[in-house]
Amino acid sequence: LSGIMYDFGLSSHQIDSNYRGFSFQKNSDLDMRMNTEQNLSAKTIVNKYTEEELTKVLKNYSEDKYFHKISKKIIASRPLSTTNELVTVIKEAIPKQNPIFIEKTVRRIFQALRIEVNDELNEIVVSLNSIKKTINKNGIIVCISYHSLEDRIVKSFFKDITTYCICDPKAPICNCEIKQQFSYPKKKKYTPTEKEKDSNPRSKSAIMRYVIKL
């Protein structure tokens, strides 16, 4: 391959759907499955996971400071069937504050559930590792991430494939036998311009990184 580009963003068609359950702004069934034939859904997670399992999901994938309170409130409010019911529970679990911060928490919890339902982060890791040897010389791998969890995986992967030596700097010769596979361009990170953010608000959190095959 001469190059590959990943766009890890959720499809706008899925977000805007009135029945998929991805958006907290539309009342629908708690689904969130990208593959509608799989068994695990958001409804299964909020109603069947143990408190320990649910807390772990919210902690690791939402990175919201109220994850534990929200987990306890969800457990106490079962059963939950719709996105509106879940939004209400989340709002009841956290302190009264600026609506902007409340919405951010709700958005993070929905993100956490969606990531768990679709095993999104592991899918990224598996795919990146599967393609690094298929890129031709001077070919590129481009990744566009939309939140810190995705970007962290990309940064770690790119760091591994651009590393050329892990020996002690004081060692007279290299003994690690690690060969650098890719290199960075002049900039390691690209973000949307203000003009693009204005015309496409969903690009606001996007971060693009790319590396070049040696």
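Salt bridge annotation for E63-R108: absent, with no cationic side-chain nitrogen under 4.0 angstrom from a carboxylate oxygen. A salt bridge links E103 to R107: one of the charged nitrogens lies within less than 4.0 Å of a carboxylate oxygen.
Of the possible donor and acceptor atoms, none in the side chain of S203 sits under 3.5 Å from a partner among the backbone N and O of A206. The main-chain N or O of H68 is never found under 3.5 Å from a side-chain atom of S71 such that the two would form a donor-acceptor pair. Formation of a donor-acceptor pair under 3.5 Å by the E150 side chain with backbone atoms of Y146 is found in this model. Judged by distance alone, with hydrogens and angles left aside, the side-chain atoms of T55 form a donor-acceptor pair with the main-chain N or O of E51 at under 3.5 Å. The main-chain N or O of E196 is found under 3.5 Å from a side-chain atom of S199 such that the two form a donor-acceptor pair. Under a 3.5 Å cut-off, the side chain of N118 and the backbone N or O of E120 do not form any donor-acceptor pair. Within the 3.5 Å criterion, the main-chain N or O of T163 finds no donor-acceptor partner in the side chain of Q180. The backbone N or O of D31 sits nowhere less than 3.5 Å from a side-chain atom of D29 that would complete a donor-acceptor pair.
Follow the hydrophobic side-chain contacts under 4.5 Å out from I115 and you reach I153 in the same cluster. By the criterion of side-chain heavy atoms lying less than 4.5 angstrom apart, applied directly or through intervening Ile, Leu, Val, Met, Phe, Trp or Tyr residues, I207 is not grouped with V142; the two fall into different hydrophobic clusters. Under the 4.5 Å side-chain contact rule for hydrophobic residues, M208 and L10 do not share a cluster. The hydrophobic clustering, which links ILVMFWY residues whose side-chain heavy atoms are closer than 4.5 Å, places I4 and I212 apart. Criterion: ILVMFWY side-chain heavy atoms under 4.5 Å apart, direct or through other members. Under it, I135 and V125 are part of a common hydrophobic cluster.
More than 12 heavy-atom neighbours from other residues, nucleotides or ligands sit within 6.0 angstrom of CD on Q97. In this structure, K26 places its NZ atom where more than 12 heavy-atom neighbours from other residues, nucleotides or ligands lie under 6.0 Å away. Other residues, nucleotides and ligands contribute more than 12 heavy atoms inside 6.0 Å of the OH atom of Y184. Other residues, nucleotides and ligands place no more than 12 heavy atoms under 6.0 Å from the NZ atom of K56. The neighbour count for Y190 OH, taken as heavy atoms of other residues, nucleotides or ligands under 6.0 Å away, is above 12.
At least one side-chain heavy atom of I141 sits less than 4.5 Å from a side-chain heavy atom of F158. Taking 4.5 Å as the limit, some side-chain heavy atom of V117 sits within range of a side-chain heavy atom of Q38. Two residues are said to be in side-chain contact when any heavy atoms from C-beta on lie closer than 4.5 Å; I109 and Y66 fail this criterion. With a 4.5 Å cut-off on side-chain heavy atoms, K179 and L214 do not count as touching. Side chains of T105 and K65 form no contact here, defined as non-hydrogen atoms less than 4.5 Å apart. You'll find the side chain of V46 stays beyond 4.5 Å of the side chain of V89, heavy atoms only. Contact check for K69 versus I94: no side-chain heavy atoms found under the 4.5 Å cut-off.
Across N39 and T44, no two heavy atoms sit closer than the pair O-OG1, 4.0 Å. Between E116 and Y61 the shortest heavy-atom distance is OE1-CE1, 3.3 Å. For the residue pair L54 and L113, the shortest heavy atom distance occurs at CD1-CD2, 4.5 Å. When every heavy atom of T134 is checked against every heavy atom of I131, the shortest pair comes out as OG1-O, 2.8 Å. Across all non-hydrogen atoms, the minimal contact from R33 to L40 is CG-O, 3.1 Å. The two residues K213 and Q181 have their closest heavy-atom pair at CD-O, 3.4 Å.
Taking CD1 of I70 as the reference point, atom CD1 of I90 lies at 5.5 Å (rounded to 0.5 Å). Between the CZ atom in R114 and the CE atom in M32 there is a gap of 8.5 Å [rounded to 0.5 Å]. Here the CG atom belonging to L86 is positioned 6.5 Å from the CG atom belonging to L80, to the nearest 0.5 angstrom. Taking CD1 of I74 as the start and CD1 of I45 as the end, the distance is 10.0 Å to the nearest 0.5 Å. Atom OG of S183 and atom CD1 of I140 lie 11.5 Å apart (nearest 0.5 Å). Between the CZ atom in R209 and the CG atom in D151 there is a gap of 4.0 Å [rounded to 0.5 Å].
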Task: side-chain contact (heavy atoms from CB on, under 4.5 Å) evaluation trace for N60 with F67 - done: CA-CA 9 Å; N60 292 341; F67 70 89; over 6 Å; no
- [ ] Could you walk me through whether I75 and K72 pass side-chain contact (heavy atoms from CB on, under 4.5 Å), step by step?
- [x] CA-CA 5 Å; I75 298 293; K72 281 185 169 293; 5.8 Å; no
Task: Verdict with reasoning, F8 to H147, per side-chain contact (heavy atoms from CB on, under 4.5 Å) - done: CA-CA 9 Å; F8 298 127; H147 55 74; over 6 Å; no
Open item on the list: Please evaluate residues D160 and K132 with respect to the criterion side-chain contact (heavy atoms from CB on, under 4.5 Å), reporting the C-alpha separation (whole Å), side-chain torsions for both, the decisive distance (0.1 Å), and the verdict.
Closed with: CA-CA 11 Å; D160 287 343; K132 61 184 178 182; over 6 Å; no
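Looking at N84, N18, T83 one by one, the single match for side-chain contact (heavy atoms from CB on, under 4.5 Å) with S28 turns out to be T83. Looking at Y6, F157, Y210 one by one, the single match for side-chain contact (heavy atoms from CB on, under 4.5 Å) with C143 turns out to be Y6.
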